[in-house]
Amino acid sequence: VQLQASGGGLVQAGDSLRLSCAASEGALSNYAMAWFRQAPGKEREYVAAISAYGANTHYTSSVKGRFRISRDNAENMLYLQMNGLKPEDTAVYYCAATTSLPLDVASLYRYWGQGTLVTVSS
């Protein structure tokens, strides 16, 4: 499966943004999905994950209550709704697909999108 993330941009603190991840050459329903992010000079970190059919979601503590991960398997799409953005959310955001557990381990994700940059100004 090939993944392409989009929707990033420059926003102000407190604003909202929705990231999208389009899948092609494969059915997204075969995979659990996640968003990771990498800030400048930092390691890639886990943000949120969703099970293959969307029944279960999980978030890292820093985004819980502000971000919402969702998916539309019929459209082969993954989303990340980001509300109440903070400057520390500034990063390149990547979508990823896996058939392995646990879902917060980047090395277990086989397929990655190219990343989309989110910049939050204060």
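- No continuous path of hydrophobic side-chain contacts links Y31 to V105 [ILVMFWY only; heavy atoms under 4.5 Å].
- Not a single donor-acceptor pair under 3.5 Å links the side chain of N73 to the backbone N or O of N76.
- Within the model, atoms OG of S20 and CD of Q4 stand 11.0 Å from one another, a figure rounded to the nearest 0.5 Å.
- Proximity of a side-chain donor or acceptor of R71 to a complementary backbone N or O of Y53 within less than 3.5 Å is not detected.
- Looking at heavy atoms from C-beta onward, T116 lies in side-chain contact with L19 at the 4.5 angstrom threshold.
- Listed here is the closest heavy atom pair of S16 and N83: OG-OD1, 2.9 Å.
- Listed here is the closest heavy atom pair of L80 and V47: CD2-CG1, 4.3 Å.
- A 4.5 Å side-chain heavy-atom check between R110 and T99 finds every atom pair outside the cut-off.
- Counting heavy atoms from C-beta outward, Q12 and V120 have side chains that stay 4.5 Å or more apart.
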Quick one, W112 with F36, criterion side chain to side chain contact (heavy atoms under 4.5 Å, CB included). Give me CA distance, side-chain angles, the key distance, then yes/no. CA-CA 10 Å; W112 291 84; F36 290 80; 3.5 Å; yes
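- Side-chain atoms of R66 come within 3.5 Å of backbone atoms of G84 as a donor-acceptor pair (strictly under, hydrogens ignored).
- Taken to the nearest 0.5 Å, the CD atom of Q114 stands 7.0 Å off from the SG atom of C95.
- Remark: L85 CG to S121 OG distance equals 10.5 Å, nearest 0.5 Å.
- Taking 4.5 Å as the limit, every side-chain heavy atom of V1 sits out of range of all side-chain heavy atoms of E25.
- Residues A32 and L103 come closest through the heavy atom pair CB-CD2, 3.6 Å.
- The cluster map of Ile, Leu, Val, Met, Phe, Trp and Tyr, joined by side-chain heavy atoms under 4.5 Å apart, puts V63 and Y93 in the same cluster.
- When all heavy atoms of M33 and A97 are compared, the pair lying nearest together is SD-CB, 3.4 Å.
- In this structure, CG on L101 lies 10.0 Å from OG on S51, to the nearest 0.5 angstrom.
- A distance-only check finds a donor-acceptor pair linking the side chain of T98 to the backbone of L108 [under 3.5 Å].
- Between the CD atom in Q81 and the CD1 atom in I69 there is a gap of 12.5 Å [rounded to 0.5 Å].
- When all heavy atoms of V92 and G115 are compared, the closest pair comes out as CG1-CA, 3.8 Å.
- Taking every heavy atom of both residues into account, W35 and Y79 meet most closely at NE1-O, 3.2 Å.
- Both L78 and Y59 sit in one connected hydrophobic cluster of ILVMFWY residues. Membership requires side-chain heavy atoms under 4.5 Å apart, directly or through other members.
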Applying side chain to side chain contact (heavy atoms under 4.5 Å, CB included) to D89 and F67, what does each step give before you reach the verdict? CA-CA 11 Å; D89 294 320; F67 290 11; 3.9 Å; yes
Could you walk me through whether C21 and M77 pass the side chain to side chain contact (heavy atoms under 4.5 Å, CB included) test, one step at a time? CA-CA 6 Å; C21 177; M77 295 292 294; over 6 Å; no
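- Both the sub-6.0 Å distance and the 45° axial angle are not jointly satisfied by R37 relative to the ring of Y94.
- Residues R68 and M82 form no side-chain contact, since every pair of their non-hydrogen atoms from C-beta on lies 4.5 Å or further apart.
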